[in-house]
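Whatever order the structure lists ligands and atoms in, that order sets their numbers, starting from 1.
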Amino acid sequence: MGVVNVTPDSFSDGGRYLDADAAIAHARRLVDEGADIVDVGGESSRPGAAPVPAARELERIAPVLEALAGGAVPVSVDTAKPEVMREAIGLGASMINDINALRAPGAPAAVAGADVAVCLMHMRGEPRTMQEAPRYADVVGEVCSFLAERAAAAVAAGIAPDRIVIDPGFGFGKTVAHNRALLRSLDALAALGYPVLAGLSRKSTLGRITGRPAGERLAASVAAALLAVERGARILRVHDVAGTRDALKVLEWVMGDG
Ligand code: HH2
């Protein structure tokens, strides 16, 4: 899954693809590099980010979605707002990627009636404050229970289980130690029975480990992506598709029997 941030303030590429034509060209480049899905977002969720009104978010993503929907790969829309979900589905989105796991009132209903996939992500708190001393007694257990509960709520709202993807939400209300525990135990999430999406690309934990700024975390991101796949991740949300693809080919070569 290649990331297309149509935002002025995303943590690693804010402002680069705010213009619709630049975002569309970037998305097409990611598809050429081997993305199977593109994930289009109009609101940054970096720690401390201010919320964006639904109308602004839609203004940003609509032209990009219109240009890409029905094209070579399915388009996912990264949003937590039911009104944006509904409009995005009307414009041809194939997946709703909700960092809030459909907790907003009306969000399950916005998705239930449409033939789209949904990603339910774990987040502690909200982006504005989520990195203020997050604490867990058992981070893996708590994330698993949360995702199991949100998946059950989605099914109860009429979303078929085979439309659901789950995600531990690396960096969303988590310290470096929490992210490590979750990556180590990703197979526990996979055991819930839903495909697992992992988003570690360029994240600050990788900066803490390597001492590198967001623009220089390609090697660390690719390493984290491979570790996630080995532990059961089925979808990787990444900014750098070409490098990740090459690494996956090597992994497939080692694991395969051809
Ligand atoms: N991470 C980000 C945004 N959306 N969605 C899912 N399902 N999982 C993630 O890990 C995830 C996500 C943050 O990355 P990015 O979009 O590059 O930054 P920003 O939120 O600043 O736009």
Check whether more than 12 heavy atoms from other residues, nucleotides or ligands sit under 6.0 Å from atom CZ of R212, and answer yes or no.
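No, CZ of R212 has 12 or fewer neighbouring heavy atoms, counting only those of other groups under 6.0 Å.
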
How about CZ on R180, more than 12 heavy atoms from neighbouring residues, nucleotides or ligands closer than 6.0 Å, or not?
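No - once you tally the heavy atoms of other residues, nucleotides and ligands closer than 6.0 Å, there are 12 at most.
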
Check H122, R124, H178 against E142 for a side chain to side chain donor-acceptor pair (under 3.5 Å) and give me the one that passes.
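Checked H122, R124, H178 against E142; only one passes side chain to side chain donor-acceptor pair (under 3.5 Å): R124.
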
Pairing donors with acceptors under 3.5 angstrom, does anything connect the side chains of S76 and N97?
no

Test item: side-chain donor near acceptor, T79 and E57, under 3.5 Å:
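Yes, E57 and T79 have a side-chain donor paired with an acceptor closer than 3.5 Å.
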
Proximal ligand 1 atoms for [X], defined as those under 4.0 Å from one of its heavy atoms:
| X | answer |
| --- | --- |
| C119 | 7 (N) |
| R46 | 20 (O), 21 (O) |
| N97 | 5 (N), 6 (C), 7 (N) |
| I99 | 4 (N), 5 (N), 12 (C) |

[X] near ligand 1, heavy-atom distance under 4.0 Å?
| X | answer |
| --- | --- |
| T7 | no |
| G169 | no |
| H239 | yes |

For ligand 1, is any non-hydrogen atom under 4.0 Å from L200's backbone (N, CA, C, O), its side chain (CB onward), both, or neither?
neither

Tell me the contacting part of M121 for ligand 1: side chain, backbone, both, or neither, using a 4.0 Å heavy-atom threshold, strictly below.
side chain

Please determine whether salt bridge (charged side-chain N to carboxylate O under 4.0 Å, His left out) holds for the pair R103 and D98, giving the CA-CA distance in whole Å, both sets of side-chain angles, and the decisive distance to 0.1 Å.
CA-CA 9 Å; R103 282 180 292 173; D98 185 359; over 6 Å; no

[X] to ligand 1: N or O pair under 3.5 Å?
| X | answer |
| --- | --- |
| S12 | no |
| D167 | yes |
| L197 | no |
| D39 | no |

Would you kindly confirm whether V250 and V238 end up in one hydrophobic cluster when ILVMFWY residues are joined by side chain heavy atoms under 4.5 Å apart?
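The answer is yes; both residues are in one hydrophobic cluster.
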
Which option out of S44, G171, G14 puts a heavy atom nearest to atom 21 (O) of ligand 1?
S44

Do me a favour and list the nearest non-hydrogen protein atom to atom 4 (N) of ligand 1 with residue, atom name and distance?
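Closest protein heavy atom to atom 4 (N) of ligand 1: D78 OD2, 2.9 Å.
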
Checking side-chain contact (heavy atoms from CB on, under 4.5 Å) for the pair V116/M95: CA distance, chi angles, key distance, verdict?
CA-CA 5 Å; V116 296; M95 179 173 194; 5.7 Å; no

Out of curiosity, L182 CG to D167 CG, how far, rounded to the nearest 0.5 Å?
10.0 Å

